[in-house]
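Here is the structure we will look at, set down as structure tokens.
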Amino acid sequence: MRFKRTIALGAAVIGVAAVTTVLVPSGVALAHGSMTYPASRTYACYEDGRAGGGGGDLNPTNPACAAAVAAGGKQPLWDWFGNLISQAGGKHREIIGDGKLCGPTTKYDAYNLGRTDWPTTTLQAGASITLKYNAWAPHPGTWEQYVTKDGYNPAQPLRWSDLESAPFNTVVNPPLGNGEYSWNATLPNKSGRHVIYSIWQRSDSPEAFYSCSDVVFNGGGGNPGDTTAPSTPGTPTASATSNSVALSWGASTDNVGVSGYQVYREAGATDVLVASPSSTSATVTGLSGGTAYAFYVVAKDAAGNTSPPSSAVSVTTLPGSTPGGACAVTYTTPSVWSGGFTANVVVKNTGTSAVSPWSLVWDVPSGQTVSSAWSAEVVVSGGKATAKGVSWNGSIPAGGSVNFGFNGTASGTPATPAAFTLNGASCGSA
Amino acid sequence: MRLGVTLVGAALVAGSVACSAADPATGSAAGVGEWVHARTGECSSPRVGSIEEFAEFVGPLRADLYAPFVQEWATCAVAPYEKLGLVVFRPGVMREFQEAWKASVAAGEVVGDPDFAFGPGFAVSATDGLERLGLRYLHCTPVEGHVMSPEPAEAEGCVYTKMHQGHGH
């Protein structure tokens, strides 16, 4: 319904503004180690997660934040201020590889994902700004702020070569007040989507903190003052399988250029962003069979202007059970002790469509039991074990895999299960 | 029937060892919580979680590395951490855990060292800002000369080191 889509788009636009507004720190939790204005990825996703968490939990609704939680858990958001290397000692470029700048340790690796839908803060190119960095305790040190070069591709993980060679701002021991460091800076003359990369190297310790702030510059570069929105995209056409819908639509035009599209699925009061392609097509996966869906598209340009929404296309996925698929299972027992063992299981979807939800079944070898599991729910009944994905790994994308593990008991050396089936289809060994 | 995905109420080890502020090695997350509380005045009511919640907390990759060795875990709040994990390892598994971590680093699955702060048989899920607890870093990758007071860990090639001070707030 057009009215609803307009509301949804408005909500989306307001959401961008809200990010800018909400993320200006006011009484933030006292801690240290991340930029709060413009918001770092971890801080922006933390705030997004709090908004969706219903109190006491973090459930981000931004697709990039949700993907980061699926890949790296919620702890990096609870610890949004802890993106650090304790022994950095100023050797940032030596110890952090390309593609790892935004999350140089395993804990924060998910925040390296190359995506175009991280939460952004809109800034005015060339303007004076007060940068803010949360502070739990004062520590002397130097903050360097870099910006990405023109032509930076946010769909790729950030590399050192993506950054301008010199920081646009450097500050030593900035003033601390009200639980935050803040200092004035002049923003670079940039246009469109960029990353502000901040490095805080403490001078009283080798410890250094890193943050990526996703920003959209208005009014800079080659298209000063671009406030013209792209034209409305064409109505999508759709073709469905039992668990996916392929969409394509007519291109939008723009006075400067269309930078990409956002595909929304209608979902009640708040529609869901399901894809952010740079071209005029997208395939939405992980859908349920025999279910009606409606999708529409919004175009955007580099300055952050967005088009009116396209008309929606309604489509019903094909009926049928969740497809079984080609699959391969790797089963290992990395730890065996007297009377027990740990098993790790990797389930790879070797098919061409996502398997969602998934269910892996095997015959429990004689003399074995399953006592506890992680990253899956495992039920044993009648000698058969059934593992099902949990909230964050309930879908296996085409070509992707999920891991889970369990502890078990066994008399003697634990035997490997003879065969596995994924949603009823036999799996091979990887 | 869903089997054993929760560790709530799991049997505790070393049950005859009374918990005290000086010795958190009781084998229970509650005991670790009491120990943390005694040092910080915070963490007053730890909440024991399931292993599924632990996996959701650390994510699938680190769950694969930590969870097989975890006996029990809980969370509580210790500034600046709204949700700090208190992790109790199964008895006698630290060498296996460290060997598994080394293997994962060698395979390119993880980068760097375990990111918890370690005590005897337990760990808390963060390091920065918690130096006051007197816990130690665990290094299973080569360390440079300026680390503080390295001591051999359970697995060959791993060491425990003291934490930098300076966050003693």
Side-chain angles (χ1 to χ4, degrees), chain A residues 29-33 58 69-76 78-79 81-82 84-87 89 97 100 104-107 109-110 134 136-137 139 202 204-207 209 334-335 337 342-344 369-381 390-393 402-407, chain B residues 1-7 10 50-52 54-70 75 79-85 90 92-93 96-97 99-100 103-105 109-115 125-129 137 143-144 146-147 163-169:
Chain A
L30 293 180
H32 59 274
L58 299 175
V69 166
K74 293 182 177 179
Q75 187 198 11
W78 290 115
D79 302 358
F81 42 80
L84 63 90
I85 294 180
S86 61
Q87 301 292 330
K100 301 294 185 184
T105 58
T106 295
K107 176 177 173 181
D109 188 42
N134 71 317
W136 178 40
H139 291 299
R202 290 175 56 183
D204 60 346
S205 150
E207 185 175 73
F209 294 81
S335 181
W337 59 94
T342 295
N344 285 336
T369 66
V370 176
S371 56
S372 64
W374 51 95
S375 303
E377 292 185 359
V378 180
V379 174
V380 179
S381 177
V390 291
S391 59
W392 39 268
N393 70 355
V402 297
N403 297 18
F404 69 93
F406 61 87
N407 287 335
Chain B
M1 180 180 72
R2 180 175 149 186
L3 293 183
V5 293
T6 175
L7 292 181
S50 68
I51 201 69
E52 186 177 57
F54 179 78
E56 185 179 65
F57 185 65
V58 299
L61 174 57
R62 289 188 299 147
D64 284 345
L65 288 165
Y66 283 117
F69 308 101
V70 172
T75 57
Y81 299 94
E82 291 179 64
K83 191 165 281 192
L84 181 72
R90 290 194 285 112
V93 299
E96 277 183 81
F97 163 67
E99 293 288 0
S104 189
V105 171
E109 296 166 348
V110 297
V111 176
D113 296 312
D115 43 32
S125 67
T127 58
D128 206 51
Y137 293 120
V143 295
E144 304 205 359
H146 54 269
V147 300
M163 294 182 179
H164 298 289
Q165 298 303 305
H167 285 281
H169 314 289

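So that the names make sense, note that chain A is the first sequence line, chain B the second, and so on, each numbered from 1.
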_Please classify the contact between A:Thr342 and chain B as side chain, backbone, both or neither, with a heavy-atom cut-off of under 4.5 Å._
side chain
*Side chain, backbone, both or neither: which part of A:Ala343 has a heavy atom under 4.5 Å from chain B?*
neither
Close side-chain approach of [X] to [Y], heavy-atom, < 4.5 Å:
X        : Y       : value
A:Lys74  : B:Lys83 : no
B:Tyr81  : A:Phe81 : yes
A:Trp374 : B:Pro60 : no

*Return the option, out of B:Pro68, B:Gly85, B:Ala103, B:Ala67, with the maximum number of heavy-atom pairs under 4.5 Å with chain A.*
B:Pro68
If you measure from [atom1] on [X] to [atom2] on [Y], what distance do you get to the nearest 0.5 Å?
X        : Y       : atom1 : atom2 : value
B:Thr75  : A:Trp78 : OG1   : CH2   : 8.5 Å
B:Phe57  : A:Asp79 : CZ    : CG    : 6.0 Å
A:Ser375 : B:Glu56 : OG    : CD    : 10.5 Å

Taking all non-hydrogen atoms of both residues into account, name the closest pair between [X] and [Y] and its distance.
X        : Y        : result
A:Pro104 : B:Val111 : O-CG1, 4.3 Å
A:Gly72  : B:Arg62  : O-NH2, 4.1 Å
A:Ala373 : B:Ile51  : O-CG2, 2.8 Å

_Is it the case that the side chain of A:Gln75 and the backbone of B:Gly59 share a donor-acceptor pair, with hydrogens and angles ignored and the cut-off at 3.5 Å?_
no
*asked:* Less than 4.5 Å to any heavy atom of chain A: does that hold for the side chain of B:Ala100, its backbone, both, or neither?
replied: neither
_A:Thr106 vs B:Leu61, side-chain contact (heavy atoms from CB on, under 4.5 Å): CA-CA, chis, key distance, verdict_ = CA-CA 9 Å; A:Thr106 295; B:Leu61 174 57; 3.9 Å; yes
*Would you please name every residue forming a side-chain hydrogen bond (donor to acceptor under 3.5 Å, both in side chains) with B:Asp64, sequence neighbours left out?*
A:Asn403
